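To start, I am sharing the structure in question, which I have written as structure tokens.
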Amino acid sequence: MEALKINSDRLWDSLMVMAKIGGTAKGGCCRLALTDLDKQGRELYIKWAEEAGCTVKVDAVGNIMCTRPGEDMSLPPVGTGSHLDTQPTGGKFDGVYGVLAGLEVVRTMNDQGIKTKHPIEISVWTNEEGSRFAPAMMGSGVVSGRFTLQEILDTKDVDGLRLGDELERIGFAGETPVTGRQFHAFFETHIEQGPYLEAEEKQVGVVTGGQGQRWYNAVLTGRESHAGTTPMHLRSDALIASSQLVLKVEEIAKAHPPGCGTVGFMQVMPNSRNTIPGEISMSIDLRHPIDEELTKMDEALKSAIKEIEATGPTIALDPFWYYEPIHFNEDCVNAVRQATVDLGYSHMDIIAGAGHDACYVSDFAPTSMIFTPCLDGISHNEIESTTQEECEGGCSVLLNAMLTMAEVV
């Protein structure tokens, strides 16, 4: 079968319409998980999917499953999808591109009158970002068994609102069980969120795996005291200790290339101009594509904490989330690679630096991902940008890879 291309204008128009829901003044999007704006985005997507002939189900953690029938409905579907939730100052493409690329695949198959042996299923995974409710990738994590349904439903945001209650409030606490999901193959299309494709002038990234990640919460406790009457040598300043820890995180990452280390969240208590900070709460994020190196980074972090504690403040470290580096399925990776060749796109193999739902799906199904470039590699930012042509390329690769695995009849 000759390689097919999707309807570029239709995909782009869908992306721009969805971007208006939670659109920000700087051109980005803010659709935090399980807010009213997330509800609006979900409802619009379901409307479009039903118009494309899909049946829709919602499971107990709020994941949405939209299915185009196959000739043999006893067979597991060939799946795709991503997420609709965003960062507080997110862009128009992170996650949503993968969802609407899946919808465009179905629309194109309808246009062409294509029938497949396997059903086609598009997933919208709940709370991939982990911004409002931590950790990230909750919906796919529950389905894969990484988390229990109850622990996720009981998770609370910074305002004390419970995830399960918010699911009920917006009408997405579904009845479909979270267990037993199957895929013959699963593909996720995503902007790269990094600079490699652009730097190498490649149109498509064939994703062969994903970095391992370790997430920590750290609480540093010193002693609050007056900023003007407490001499420097008698202070126990939690903020100074946290600054030392931030620098250690950077040092550890640079010592284990191509590892990454980030402190992205910090709270200062009592946060008063003339009081020495007595308590700091902060996040630590370590990543590496090789598990042995990620373990060494973890050990180096714990060693650094002991050194800092020797200066006075105490540090409580909670290593609350970990997943090992992911290696995607060879058949799925080859289907993506062959599609890029058939379509004439330049491409390169690449490792996913960010966490993605496909990483958890790979626990129970053959999986791969498709990356497309984004301007300057910038994501999780309102200025996140890509082009219509780049979106078309990734979606066309997705279409042909899915057709390979779904078996055209």
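On a predicted model such as this, the values are computed, not experimentally measured, just so you know. The first residue in the sequence is number 1, and the count goes up from there.
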Considering residues, nucleotides and ligands other than K117, do more than 12 of their heavy atoms fall under 6.0 Å from its NZ?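 No, not enclosed.
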
Between the side chains of R10 and E104, is the shortest nitrogen-to-carboxylate-oxygen separation below 4.0 Å, so that they form an ion pair?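 Salt bridge: yes.
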
Considering non-hydrogen atoms only, spot the tightest contact between R68 and C54 and give its length.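 Nearest heavy atoms, R68 then C54: N-SG, 4.1 Å.
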
Short N-O contact, K47 and E43, less than 4.0 angstrom: no

Any side-chain heavy atom of I252 sitting closer than 4.5 Å to one from L301?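 Sidechains of L301 and I252: in contact.
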
Under the salt bridge (Lys or Arg N to Asp or Glu O under 4.0 Å) test, which residues partner E2, sequence neighbours left out?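 Once residues adjacent in sequence are excluded, E2 has no partner under the salt bridge (Lys or Arg N to Asp or Glu O under 4.0 Å) criterion.
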
For residues 20-33, please give each side-chain donor-acceptor pair under 3.5 Å, one per line with the distance, not counting sequence neighbours.
unit_1 : atom_1 : unit_2 : atom_2 : d
T24    : OG1    : G28    : N      : 2.8
T24    : OG1    : G28    : O      : 3.4
T24    : OG1    : E382   : OE2    : 2.7
R31    : NE     : L84    : O      : 3.1
R31    : NH1    : M18    : O      : 3.1
R31    : NH1    : I21    : O      : 3.0
R31    : NH2    : L84    : O      : 3.2

Apply side-chain contact (heavy atoms from CB on, under 4.5 Å) to residues Y360 and M138 and explain how you reach the verdict. CA-CA 10 Å; Y360 279 164; M138 283 184 170; over 6 Å; no

Side chain proximity check, Q203 to T372, heavy atoms < 4.5 angstrom: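 Side chain of Q203 against side chain of T372, heavy atoms only: no contact under 4.5 Å found.
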
So, for F133 and E166, which heavy atoms are closest and what is the spacing to 0.1 Å? CZ-CG, 4.2 Å

If I take atom NE2 from residue H347 and atom CD from residue Q338, how far apart are they, to the nearest 0.5 angstrom?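 One finds 9.0 Å between NE2 of H347 and CD of Q338.
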
Taking only residues two or more places apart in sequence or in another chain, which ones pass ring-ring contact (aromatic ring centres under 6.0 Å, His included) with H184?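 Residues passing ring-ring contact (aromatic ring centres under 6.0 Å, His included) with H184: H118.
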
If we only count heavy atoms from C-beta on, is the Q267 to M282 side-chain gap below 4.5 Å?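 When only atoms from C-beta onward are counted, M282 and Q267 do not touch, as no gap falls below 4.5 Å.
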
Kindly indicate whether the side chain of S123, heavy atoms from C-beta on, has any atom under 4.5 Å from the side chain of N63. no

For atom CD of Q182, decide whether the heavy atoms of other residues, nucleotides or ligands shown that lie under 6.0 angstrom number more than 12. no

Should the heavy atoms of other residues, nucleotides or ligands under 6.0 Å from OH of Y322 be counted, would the total exceed 12?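 Count over threshold, so yes.
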
Exam field: side chain S368 to backbone V207, donor-acceptor pair closer than 3.5 Å: yes

Within-4.5 Å side-chain heavy-atom neighbours: D363 and R146: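 Yes. Closest side-chain heavy atoms under 4.5 Å.
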
Would you mind checking if E293 and R214 are paired as a salt bridge, meaning a charged N to carboxylate O distance below 4.0 Å? no

Got a second to check how far S14's OG is from L44's CG, nearest 0.5 Å?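 It is 8.5 Å, given to the nearest 0.5 Å.
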
Sidechain N-carboxylate O distance under 4.0 Å for E251, K248: yes

Can a donor-acceptor pair be found between the side chains of D9 and Q388 at a distance below 3.5 Å?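 There is such a pair between these side chains.
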
Can you establish whether the number of heavy atoms outside E330 located under 6.0 Å from its atom CD is more than 12?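 Incorrect, the count does not exceed 12.
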
Sequence neighbours left out, what pairs pass ring-ring contact (aromatic ring centres under 6.0 Å, His included) with at least one residue falling in residues 93-117? W12-F93

Start with the C-alpha distance between S144 and V361, add both sets of side-chain angles, then the distance that settles side-chain contact (heavy atoms from CB on, under 4.5 Å), and finish with yes or no. CA-CA 6 Å; S144 71; V361 175; over 6 Å; no

With the side chain counted from C-beta on, respond yes when I64 and F172 share a heavy-atom pair under 4.5 Å apart, and no when they do not.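 Yes, their side chains come closer than 4.5 Å.
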
Can you tell me if E309 uses its side chain to pair, donor with acceptor, with the backbone of I315 under 3.5 Å?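 Answer holds: yes.
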
How far does CD of E129 sit from NE2 of H83, to the nearest 0.5 angstrom?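 Atom-to-atom, E129:CD and H83:NE2 are 4.5 Å apart.
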
Under 3.5 Å: donor-acceptor pair, side chain of N127, backbone of A136: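 Absent.
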
Would you say D159's side chain and L161's backbone share a donor-acceptor pair under 3.5 angstrom?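 Judged by distance alone, no pair lies under 3.5 Å.
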
Is the shortest side-chain N to carboxylate O distance from D349 to K202 below 4.0 Å? no

Examine distances only and state if a side-chain atom of T340 and a backbone atom of R337 form a donor-acceptor pair shorter than 3.5 Å.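 Yes, because the side chain of T340 sits within donor-acceptor range (under 3.5 Å) of the backbone of R337.
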
Closest non-hydrogen atoms of G394 and I370, given as atom of the first, atom of the second and distance, are O-CG2, 4.0 Å

Show your working on side-chain contact (heavy atoms from CB on, under 4.5 Å) between E390 and T387 and close with a plain yes or no. CA-CA 5 Å; E390 287 165 343; T387 68; 3.1 Å; yes

Looking at residues at least two apart in the chain, or sitting in another chain, which of them share a ring-ring contact (aromatic ring centres under 6.0 Å, His included) with W48?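 If we apply the ring-ring contact (aromatic ring centres under 6.0 Å, His included) test to W48, skipping adjacent residues, there are no hits.
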
Flag if over 12 foreign heavy atoms under 6.0 Å of CE, M266: yes

Considering non-hydrogen atoms only, spot the tightest contact between E188 and A358 and give its length.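 Answer, listing the atom of E188 first, then A358: OE1-N, 2.9 Å.
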
Just jot down the ring-ring contact (aromatic ring centres under 6.0 Å, His included) partners of H356, sequence neighbours excluded, or say none. H190, F371

Donor-acceptor check, side chain of T155 to backbone of I152, threshold 3.5 angstrom: yes or no?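 A pair under 3.5 Å: yes.
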
Approximate separation, where rounding is to 0.5 Å, of E324 CD and C359 SG: 10.0 Å

Given 3.5 Å as the limit, does a donor-acceptor pair link the side chain of E384 with the main chain of S379, or not? no

Hey, is the main chain of L294 close enough, under 3.5 Å, to the side chain of D298 for a donor-acceptor pair? no

Counting only N and O atoms by type, is there a donor-acceptor contact under 3.5 Å from the side chain of D59 to the main-chain atoms of V61? yes

Main chain of P177, side chain of T179: is a donor-acceptor contact present, judged purely on distance under 3.5 Å?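 No, the answer is negative, given that no donor and acceptor are paired below the 3.5 Å cut-off.
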
Residues D285, R287: salt bridge by 4.0 Å N-O rule: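 Salt bridge: yes.
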
Salt-bridge contact D165-R169 (side-chain N to carboxylate O under 4.0 Å): no

Evaluate the side-chain proximity of Y45 to E50: yes if any heavy-atom separation is below 4.5 Å, no if none is.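 With C-beta onward as the side chain, the pair stays apart.
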
Might you work through the side-chain contact (heavy atoms from CB on, under 4.5 Å) test for V249 and T262, ending with a clear yes or no? CA-CA 7 Å; V249 169; T262 305; 5.9 Å; no

Are any non-hydrogen side-chain atoms of E198 and L375 less than 4.5 angstrom apart?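 E198 vs L375: side chains touch.
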
Might you confirm whether atom CD of E51 has over 12 heavy atoms from other residues, nucleotides or ligands at distances under 6.0 Å?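 Yes.
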
What closest approach, in Å, do T67 and P119 show between heavy atoms, and which atom pair accounts for it?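 That closest heavy-atom pairing would be CG2-CB, 4.0 Å.
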
Any chance you could measure T80, atom OG1, to E121, atom CD, to the nearest 0.5 Å? 10.5 Å

With a 4.0 Å cut-off on N to O distance, would you call D38 and R42 a salt bridge?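 Answer for the salt bridge query: yes.
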
Closest non-hydrogen atom pair, E128 against G355: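 Closest heavy-atom pair between E128 and G355: OE2-O, 2.9 Å.
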
If I take atom OG1 from residue T176 and atom CZ from residue R181, how far apart are they, to the nearest 0.5 angstrom? 9.0 Å

Could you check I6, L4, I120 and say which one makes a side chain to side chain contact (heavy atoms under 4.5 Å, CB included) with M109? I120

